[in-house]
Engineer: 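One structure follows; several queries about it will come next.
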Amino acid sequence: MTIDINILDHSVLASLQGRLDTAASTQFATDMQPLLDHADKPIVLDCSALEFISSSGLRLFLTLRKASLAHGGKVTVRNLNPEIKQVFTITGFTTLFEFED
Amino acid sequence: MKKQSFRAALNLWVVGITIAIIAITIAACTYFAAREAQKNVHLIANAQIDNAIGLLDSEMAKAEVSALNFAVQSHFQEVGFRPDSVYAFLERFLERNPHLFGVAVGYEPDYVPHRPLGFAPYVLRSDSGFVRNDLLEISPYHSRPWYSETLHQPCGHWSGAFVESSGRWVITSYCLPIADGQGRRVGVVALDVCMDMLGDTLQSLNPYPNSILSVVDRDGRFVAHPTHSYILNETIASLIEKNGTTADSRIMKQIAQGIRGTGQYRMDGSVRQLYYARAKHVDWTVILDVPRNDISGGFHSMLLIMIAIMVVGVLLVLAVCSIAISRLTRPIALFTSSARQIASGNFHAYVPEVEYTDLHQLQEALVMMERSLDQYVADLKSTTESKAQIQGELNIAHRIQMALVPKIFPPFPNRNDMDLYASLIPAKAVGGDLYDYYIHDDNLIFCIGDVSGKGIPGALMMAITRSLFRNIAMREHSPAAIATSLNNAISEHNDENMFVTMFIGSCNLKTGELTCCNCGHNLPAVAFNGCDFHFIDSLPTNLPIGVVAGFEYAEVTSHIAPGTQMLLYTDGITEAENARKELFGNSRLLQALPAHEASPRSNIQAVLDRVSEFVQGEEQSDDITLLCIQFRGESLSLTLRNSVDEMQQLQPFVYRMAEAWGIDDSKRFQLYLALDEAVSNVVKYAYPAGCEGAIKLTAQRLGRDIILTLTDGGQPFDPTASTPADTTLGVAERPIGGLGIHLIKQMMDQVSYHYTDNMNILTMKINIL
């Protein structure tokens, strides 16, 4: 599981690759720290290469969303694959994020 | 109907019969006595009337004779006519004739000297002696009928009754003309007879206390009657009419005509009998009036006495009978008491001796019954004991037979590549059905059999067959070879010509290769790969075991997919009968099996429930045996320690599983997600911090389903019971976490949890097709 973070002046762009399962979520929590640091900016998460997500991964997404909300920011999720989109739907996470395809 | 006692009935009969006999006797006596009394009354009445007539006649005749005497003696010319001497003569005459009341003589006017107007002395009796009267002084007597009508008569005649001049007495007179020596009529003599006195004399002839003897003249007037005031004042008809009844005209006519007769009339409500006859001298009729009560009074009182005697007699009979009957029936009461004791189980109860022959027979019968019962109970006791012994032996035999067939389920708890369940219910204590199975080199070898015959012979044959099967199956592994050897071994010493239908199978639990040999047994029912059960009729049929030695048995081999189930049964199922003699049959067997995949145990239970519902308590006629085998195939398993790092092994495990069982990416994602969530739950929460534990993961494909099983030794936790996460909350309210279990339930078709042997077991099922 890898994450590429690109911090711009008025936004942050992150690209996620691999499987965000429980095993990977510990490392991912560390890797995503820059996003939390820049939560005052709009954040865009590109998930086109994200293969899997479990509830541990969803927790990190929610942590980021809560941090963003504290600064009045927003989190946009892009290019979710259908299975992951289904997970977002089932958990009601579709109401918490902006989605773009 | 109210029941009465034997004694009371007997009393009733005796008293009833006694009353009847006495009543008939009294009735007969009364009838004949009444007839005799009637006859007697007639005789007596007529006799007394005759006596009365005789008395009357004799009184009259005496008066007539006296008159004649007087006529002869009264030629006063010869003695000189002095009135005093005439009176004295008359007085002397009365003295000599006490039956006469008075005497009067009237003479022609010129006959008596110095008496130109005539002379008529009259002397009558009074209380103080005689009273002298001169009739001429009272009235001129020559014109009076007694004188004028008599004077020229050839003979005397009786006047009617009349009241004499004093008005005190009723008299009747006999008037006779008197002639002088030349035959010239010179006067008339009248002799008085007092009717009152005559009547009183007549009463002495009265035969009954209340009867009345009276005399009436031609006009029906009483001239003699005990009640003096009736005389000359009343007639018999007027008396009757005074009482409001009319006199019988026949009686009145007969009385008037002087005919002897009898008749009845009613007076004052009582019946009176009249007897009457004519007294010729005076043309008077004597009447005897007898009340019926006087006639029947005698036998009325006799009847009352007889009834009184009867009542006393009946009471006496009743008393004597009750005592006698209660004494006579005492043995019956004693026998009843003895019979009660016998009935309560005392077969040596005393039965009293009796004298009467018939009751003696009853006594003998009771004694015989006691002996028979005693003997019978003794026999019953010994029979029961021997039966109990046989039953005890049968119970042991039952346990031995049940021990011959494996009965611990699941039979191979460590294997999850197969499941198996069996049930044997003998119709009697022991039966002729059998089943067996064992595993040899990953081959499950199994059989079911039904011996021809039930009970002990069947059970012995079953035991032999089972033992031989086990021995032979140790060396031979193909069902046909086992069947051939078994057949040869059993045929060898089969003097009783018994045989066994058997189904022998062998299943390779690694490859799913199934080999079957059907030795004359019922068709197996098979559910392939999660489909419904149906019968397999394409197998070659062989002879039952034990029929012909040397028979070569044929077998068939095929491949079955994991999840396939085979149900074997004996004809005790298909031939189970209900009260209407209907058979359970094959189609009901298929219908009984659950529509969806179920475990062998629940399949067999469903069939047994359906059979029991079908027969509705009818007695089981044949042994019932069921054997159900499920081939589950290979399983994948993984054991992890409780650390998040270990969870890295999950992804390769899931991908390997998907590849092996051809699971598409979408279902693989679901499996992966559910496993990740389930394992992560255990890793994070099951064990206390710093405590190491294991998590065992097993995946198995059964037909269309994948079954995932997670087993851990952590603290008990039922994830299926947790409250569902609220997926509608906004960002601020959303708790971090709590979604794992929600996701598992969403991803999998079925999630179940149980805690066994200190292990949490979570089972998840998903349909991959």
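Numbered from 1 within each chain, the chains take letters A, B, ... in sequence-line order.
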Engineer: Taking side chain as C-beta onward, heavy atoms only, is B:His742 less than 4.5 Å from A:Ile90?
Structural biologist: yes
Engineer: Answer yes if the side chains of A:Thr76 and A:Glu100 hold a donor-acceptor pair under 3.5 Å, and no otherwise.
Structural biologist: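 The criterion, which ignores hydrogens and geometry beyond distance, is not satisfied for A:Glu100 and A:Thr76.
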Engineer: Go through the atoms of A:Ser25 and report whether side chain, backbone, both or neither lie under 4.5 Å from a heavy atom of chain B.
Structural biologist: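 Answer is neither: A:Ser25 stays 4.5 Å or more from chain B.
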Engineer: Please flag which part of A:Leu58 lies under 4.5 Å from any non-hydrogen atom of chain B: side chain, backbone, both or neither.
Structural biologist: side chain
Engineer: By a 4.5 Å heavy-atom criterion (distance strictly below it), what part of A:Leu69 contacts chain B: side chain, backbone, both, or neither?
Structural biologist: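 Only the side chain of A:Leu69 comes within 4.5 Å of chain B.
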Engineer: Between B:Gln648 and chain A, with a heavy-atom cut-off of 4.5 Å, which part of the residue counts as in contact: side chain, backbone, both or neither?
Structural biologist: both
Engineer: Regarding B:Asp676 and A:Ser54, do their side chains bring together a donor and an acceptor under 3.5 Å, going by distance alone?
Structural biologist: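 Judged by distance alone, the side chains do pair up.
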Engineer: Examine the side chains of B:Asp749 and B:Asn767 and answer whether a donor and an acceptor come within less than 3.5 Å of each other.
Structural biologist: no
Engineer: Are B:Ile761 and B:Tyr753 close enough that some pair of their side-chain heavy atoms sits under 4.5 Å apart?
Structural biologist: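 In short, these two side chains do not touch, never coming nearer than 4.5 Å.
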Engineer: Please look at B:Leu743 and chain A and tell me whether the side chain, the backbone, both or neither of the residue comes under 4.5 angstrom of a heavy atom of that chain.
Structural biologist: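 Contact with chain A: side chain only.
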Engineer: Tell me which of these, B:Val683, B:Val731, B:Leu729, B:Asp726, has more heavy-atom pairs under 4.5 Å with chain A than the rest.
Structural biologist: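 Top option by heavy-atom pairs under 4.5 Å: B:Val731.
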Engineer: At a 4.5 Å cut-off on heavy atoms, which part of A:Thr22 comes close to chain B: side chain, backbone, both, or neither?
Structural biologist: both
Engineer: Determine whether the aromatic ring centres of A:Phe52 and B:Phe669 lie less than 6.0 Å apart.
Structural biologist: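 Close enough - the centres of the two rings lie under 6.0 Å apart.
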Engineer: Is chain A contacted by the side chain of B:Gln651, its backbone, both, or neither, given a heavy-atom distance below 4.5 Å?
Structural biologist: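 Answer is side chain: those atoms of B:Gln651 sit under 4.5 Å from chain A.
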Engineer: In terms of heavy-atom pairs under 4.5 Å with chain B, which of A:Glu51, A:Glu83, A:Arg65 leads?
Structural biologist: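 Greatest number of close heavy-atom pairs with chain B: A:Glu83.
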Engineer: Between B:Lys765 and B:Asp705, does the salt bridge (Lys or Arg N to Asp or Glu O under 4.0 Å) criterion hold? Intermediate values first, please.
Structural biologist: CA-CA 7 Å; B:Lys765 189 162 106 174; B:Asp705 295 329; 3.6 Å; yes
Engineer: Against chain A, label B:Ser666 side chain, backbone, both or neither, depending on which of its atoms sit under 4.5 Å from a heavy atom there.
Structural biologist: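 B:Ser666 touches chain A through backbone and side-chain heavy atoms alike.
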Engineer: So for A:Ile84, is it side chain, backbone, both, or neither that comes closer than 4.5 Å to the heavy atoms of chain B?
Structural biologist: both
Engineer: Out of B:Arg734, B:Glu646, B:Gln649, return the one with the most heavy atom pairs under 4.5 angstrom to chain A.
Structural biologist: B:Arg734
Engineer: Do the rings of B:Tyr655 and B:Tyr672 sit parallel, tilted or perpendicular, given the 30° and 60° boundaries?
Structural biologist: perpendicular
